[in-house]
Amino acid sequence: MTAFLIIAVLVLVAIAIWQMTKIFELSQIKADNSQIANDKDNKYNGYLLFAFLIFIYGLTIFCFWKYSEVLLPEAASEHGAEYDSLMLWSFVIIFIVQTLTQGLLHYFGFKYRGVKGNKALFFADNDRLEFIWTIIPVIVLSGLILWGLYTWTNIMDVNDEDDPLIVELYAQQFNWTARYAGDDNVLGDANVRLIDIDRANVLGLDEADPNATDDIIVKELHLPVGRKVNFKMRSQDVLHSAYMPHFRAQMNCVPGMITEFSYTPIYTTEQMRQNPDVIDKVKRTNAIRAARAAKGEDNSDPWEFDYILLCNKICGKSHYNMQMKIIVESEEDYNKWIAEQQSFGKTMMASAK
């Protein structure tokens with residue numbers, strides 16, 4: 001909010017200065033009020049083109065230097081490195097092309113500004129030039145598209161190879177619930193029409209399905225490091241999106257259908273907390289929170305890094321608060337944790353008493 005107010009004030013100041021400049025010009029008796037651009041106007045416009053070019057590139061470089069620290073740390077999933085590589089090369093190509101094209105645009109705008117007797121060189125028809133500036137973008141874009149399709153195909157290859165862990169992510173306004181497939185690693189059938197809050201059947205599991213008996217419903221997601229996880233995603237009400245940024249994973253949760261995503265965690269939560277980028281981010285965040293705590297402001301407790309599941313669709317007024325903690329741990333710690341959880345069958349028995 002503070003940044004928005006600062007920007008608004010700067011915009012208003014700029015408008016005020018512009019209006020004052022116009023008033024000053026109109027107040028000059030000898031001022032030329034002609035609406036036709038002269039050589040002087042063209043010269044100024046040429047210089048302004050260069051000034052604007054320097055400004056936009058300077059701003060771009062400044063943003064990369066200043067705000068790169070807020071970017072996500074190293075990917076915590078097996079496919080994340082390829083995803084990040086594709087994104088990086090896309091940015092590099094776009095930046096190079098944008099630099100060349102905008103540089104030439106501003107240069108020629110200045111070189112061929114309206115000066116008496118100055119005529120721009122032009123080609124009425126040149127097949128060779130048209131071929132060059134057509135075939136080069138075609139080749140570059142085709143390469144990026146093919147690379148993207150190959151990467152997407154690999155990432156979206158959801159299969160049962162390597163004995164994946166089966167987990168359902170259930171979305172509803174405004175919280176997440178996770179369901180593990182239990183000892184048989186098969187999720188029981190479920191339908192929103194079977195939801196019975198009074199009997200603690202919050203996900204609408206089919207109580208007649210034997211595969212549902214050992215399913216485990218939790219509010220905190222635990223994943224074993226190095227093991228593939230196949231996610232099945234449902235939504236109870238509106239369109240949500242399961243977004244796990246540190247794992248470079250996102251998939252819409254659509255009412256009335258099941259969507260899927262798969263990845264393999266490669267770093268535990270504790271290992272990621274030792275990442276230099278994460279350590280630096282925690283340090284900067286806690287310095288801000290300490291300053292807030294000194295002023296007695298709310299929500300200023302020290303922060304510790306955790307993986308997180310977010311909703312990446314604006315699903316309602318409390319969308320911002322729709323999140324779930326993800327803990328990646330060793331296989332041994334995961335097995336210990338899952339053994340402590342109560343199955344759906346036992347929960348139903350307890351609620352029936």
Side-chain angles (χ1 to χ4, degrees), residues 1-72 84-145 147-148 277 280-281 284:
M1 189 62 183
T2 302
F4 173 77
L5 291 174
I6 292 173
I7 293 173
V9 169
L10 291 176
V11 170
L12 292 173
V13 169
I15 293 174
I17 293 173
W18 176 51
Q19 293 292 342
M20 291 174 63
T21 303
K22 289 181 63 178
I23 294 172
F24 176 77
E25 290 178 352
L26 292 172
S27 66
Q28 303 303 306
I29 298 177
K30 297 182 179 180
D32 182 9
N33 295 322
S34 172
Q35 297 299 310
I36 300 175
N38 54 35
D39 290 349
K40 184 178 180 181
D41 295 328
N42 292 328
K43 182 177 69 173
Y44 285 155
N45 283 333
Y47 287 132
L48 287 173
L49 278 173
F50 269 117
F52 182 70
L53 181 67
I54 294 171
F55 169 75
I56 59 175
Y57 286 131
L59 181 62
T60 302
I61 294 170
F62 171 78
C63 288
F64 275 117
W65 169 74
K66 178 69 175 178
Y67 299 109
S68 60
E69 62 185 16
V70 303
L71 298 177
L72 289 170
D84 287 347
S85 179
L86 176 60
M87 180 70 75
L88 174 62
W89 278 106
S90 297
F91 277 135
V92 168
I93 292 172
I94 291 170
F95 186 77
I96 291 174
V97 172
Q98 195 263 355
T99 301
L100 291 174
T101 56
Q102 294 301 309
L104 290 173
L105 174 67
H106 288 75
Y107 169 72
F108 287 122
F110 174 76
K111 181 179 180 180
Y112 296 114
R113 63 192 184 278
V115 178
K116 188 175 181 179
N118 188 13
K119 184 177 181 180
L121 175 65
F122 68 94
F123 299 92
D125 187 15
N126 190 308
D127 293 340
R128 178 179 296 178
L129 284 176
E130 291 182 7
F131 177 81
I132 291 173
W133 67 51
T134 300
I135 198 64
I136 291 178
V138 167
I139 293 173
V140 173
L141 288 175
S142 297
L144 282 176
I145 291 170
W147 186 9
D277 292 332
D280 182 61
K281 184 174 183 177
R284 287 184 286 106

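Reckoned from all heavy atoms, side chains included, excluding hydrogens, waters and symmetry mates. Starting from 1, each residue takes its place in the sequence as its number.
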I96 side chain reached by L100 side chain, heavy atoms, under 4.5 Å: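 Yes, their side chains come closer than 4.5 Å.
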
Counting C-beta onward and ignoring hydrogens, is there a side-chain heavy-atom pair between Q102 and Y107 closer than 4.5 Å?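 A side-chain contact under 4.5 Å is absent here.
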
Point-to-point distance, once rounded to the nearest 0.5 Å, from [atom1] of [X] to [atom2] of [Y]:
X	Y	atom1	atom2	result
L53	L105	CG	CG	9.0 Å
I56	I61	CD1	CD1	10.5 Å
L49	Y44	CG	OH	15.0 Å
L72	K281	CG	NZ	6.5 Å

Any Lys/Arg nitrogen of R284 or E69 sitting under 4.0 Å from an Asp/Glu carboxylate oxygen of the other?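 Salt bridge between R284 and E69, a charged N being under 4.0 Å from a carboxylate O: yes.
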
Tell me, with the steps shown, if W147 and S142 meet side-chain contact (heavy atoms from CB on, under 4.5 Å). CA-CA 8 Å; W147 186 9; S142 297; over 6 Å; no

Over all heavy atoms of both residues, which pair between L144 and L86 is shortest? Give the atoms and the distance, please.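 Looking at all heavy atoms of both residues, the closest pair is O-CD1, 4.5 Å.
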
Heavy-atom pair with the smallest gap, counting every atom of Y57 and T99: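 Heavy atoms only, the tightest pair is OH-CA, 2.8 Å.
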
Just list the side-chain donor-acceptor pairs under 3.5 Å for residues 125-139, sequence neighbours left out, or say none.
from : atom 1 : to   : atom 2 : distance (Å)
N126 : OD1    : R128 : N      : 3.1
N126 : OD1    : L129 : N      : 2.9
T134 : OG1    : E130 : O      : 2.6

With sequence neighbours left out, what residues match F55 under side chain to side chain contact (heavy atoms under 4.5 Å, CB included)?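 For F55, the residues satisfying side chain to side chain contact (heavy atoms under 4.5 Å, CB included) (neighbours in sequence not counted) are F52, L59.
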
